[in-house]
Visitor: 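Let me begin by handing over the structure; questions about it come next.
The structure displayed is predicted, hence computed values, not measured ones.
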Amino acid sequence: MDPLFQLAEEVERAMNGGRSNECLSIAITALVAAAKLAAVRHQAESEKLQWLLHDNLTAMQAAWIEWKHGAGADSAMEWIENTLDGPDLIPDEDEPNSQNAQVWFDANCSQALKRQQEA
């Protein structure tokens with residue numbers, strides 16, 4: 001269970017259980033500190049994701065520039081391959097749909113994943 005949620009429940013129990021003001025104050029202070037820590041962690045993770053997205057878009061832009069103004073499509077694909085290979089994101093040959101780009105995309109895009117979670 002989420003520690004922040006547990007702290008909130010503890011504050012609620014303290015309020016309903018007739019605990020002393022000192023106990024309530026300690027519980028509320030701990031809850032506020034935990035909420036601030038959670039917000040800082042969330043911000044740090046959000047920034048990491050923003051930079052990752054930025055780097056991936058920049059690699060796609062570099063690949064496009066390479067294709068149009070550089071050594072062509074094969075060299076452009078090296079940008080894409082390096083971007084995927086670093087974090088081990090190249091699909092295995094035996095994965096479902098790995099031989100058809102459109103079917104792969106349709107099965108793995110964010111909308112498809114959201115539908116799977118909802119089901």
Side-chain angles (χ1 to χ4, degrees):
M1 183 180 288
D2 180 15
L4 191 56
F5 185 76
Q6 288 176 324
L7 279 170
E9 284 187 331
E10 182 61 35
V11 168
E12 188 175 35
R13 278 193 299 275
M15 288 171 44
N16 294 333
R19 302 258 173 106
S20 70
N21 287 341
E22 184 179 1
C23 287
L24 278 173
S25 177
I26 291 169
I28 290 170
T29 300
L31 183 60
V32 168
K36 287 180 180 179
L37 180 60
V40 167
R41 286 182 177 160
H42 174 74
Q43 178 66 28
E45 288 300 315
S46 177
E47 287 178 12
K48 284 181 191 177
L49 290 174
Q50 288 172 0
W51 286 117
L52 178 64
L53 177 60
H54 173 82
D55 288 349
N56 279 291
L57 290 173
T58 302
M60 285 190 279
Q61 291 168 326
W64 187 88
I65 292 167
E66 186 69 32
W67 169 59
K68 280 294 215 189
H69 306 288
D74 287 340
S75 292
M77 275 309 301
E78 288 180 28
W79 280 95
I80 304 297
E81 184 174 26
N82 290 339
T83 301
L84 293 171
D85 195 32
D88 197 28
L89 294 174
I90 294 177
D92 291 331
E93 292 290 322
D94 59 344
E95 285 189 55
N97 308 316
S98 66
Q99 305 300 309
N100 184 311
Q102 187 64 58
V103 175
W104 171 269
F105 179 84
D106 292 345
N108 292 284
C109 69
S110 61
Q111 292 300 318
L113 298 177
K114 287 177 187 177
R115 284 191 298 271
Q116 287 176 9
Q117 284 181 341
E118 292 170 358

Visitor: Got a list of side-chain donor-acceptor pairs under 3.5 Å for residues 64-73, not counting sequence neighbours?
Guide:
| from | atom 1 | to | atom 2 | distance (Å) |
| --- | --- | --- | --- | --- |
| Glu66 | OE2 | Ala71 | N | 2.9 |

Visitor: Salt bridge (Lys or Arg N to Asp or Glu O under 4.0 Å): which pairs involve residues 84-97, sequence neighbours left out?
Guide: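 Checked against salt bridge (Lys or Arg N to Asp or Glu O under 4.0 Å) - neighbours excluded - no pair reaches residues 84-97.
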
Visitor: Could you tell me which residues satisfy side-chain contact (heavy atoms from CB on, under 4.5 Å) with Met60, sequence neighbours excluded, listed by chain and number?
Guide: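 With neighbours one apart ignored, the set is Leu57, Ile80.
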
Visitor: Sequence neighbours left out, what pairs pass side-chain hydrogen bond (donor to acceptor under 3.5 Å, both in side chains) with at least one residue falling in residues 41-53?
Guide: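 Applying side-chain hydrogen bond (donor to acceptor under 3.5 Å, both in side chains) to every pair that reaches into residues 41-53, excluding sequence neighbours, yields Gln43-Glu47, Glu45-Lys48.
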
Visitor: Hydrophobic clustering (ILVMFWY, side-chain heavy atoms < 4.5 Å, transitive) - are Leu53 and Leu84 grouped together?
Guide: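 As far as the 4.5 Å side-chain criterion goes, Leu53 and Leu84 are connected within one cluster.
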
Visitor: Which heavy atom in Ala59 sits nearest to a heavy atom in Trp79, and how many Å separate them?
Guide: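 Scanning both residues, the minimum pair turns out to be O-CB, 4.1 Å.
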
Visitor: Let me have the donor-acceptor pairs involving side chains of residues 102-119, under 3.5 Å, with sequence neighbours excluded, atom names and distances please.
Guide:
| from | atom 1 | to | atom 2 | distance (Å) |
| --- | --- | --- | --- | --- |
| Gln102 | NE2 | Asp106 | OD1 | 2.8 |
| Asn108 | ND2 | Trp104 | O | 2.9 |

Visitor: Just to verify, what does Thr58 make a side-chain contact (heavy atoms from CB on, under 4.5 Å) with, not counting sequence neighbours?
Guide: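 Testing Thr58 for side-chain contact (heavy atoms from CB on, under 4.5 Å), a comparison that skips the adjacent residues, returns His54, Gln61.
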
Visitor: Check whether any side-chain heavy atom of Ser25 lies under 4.5 Å from a side-chain heavy atom of Thr29, and answer yes or no.
Guide: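 Ser25 reaches Thr29 side chain to side chain.
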
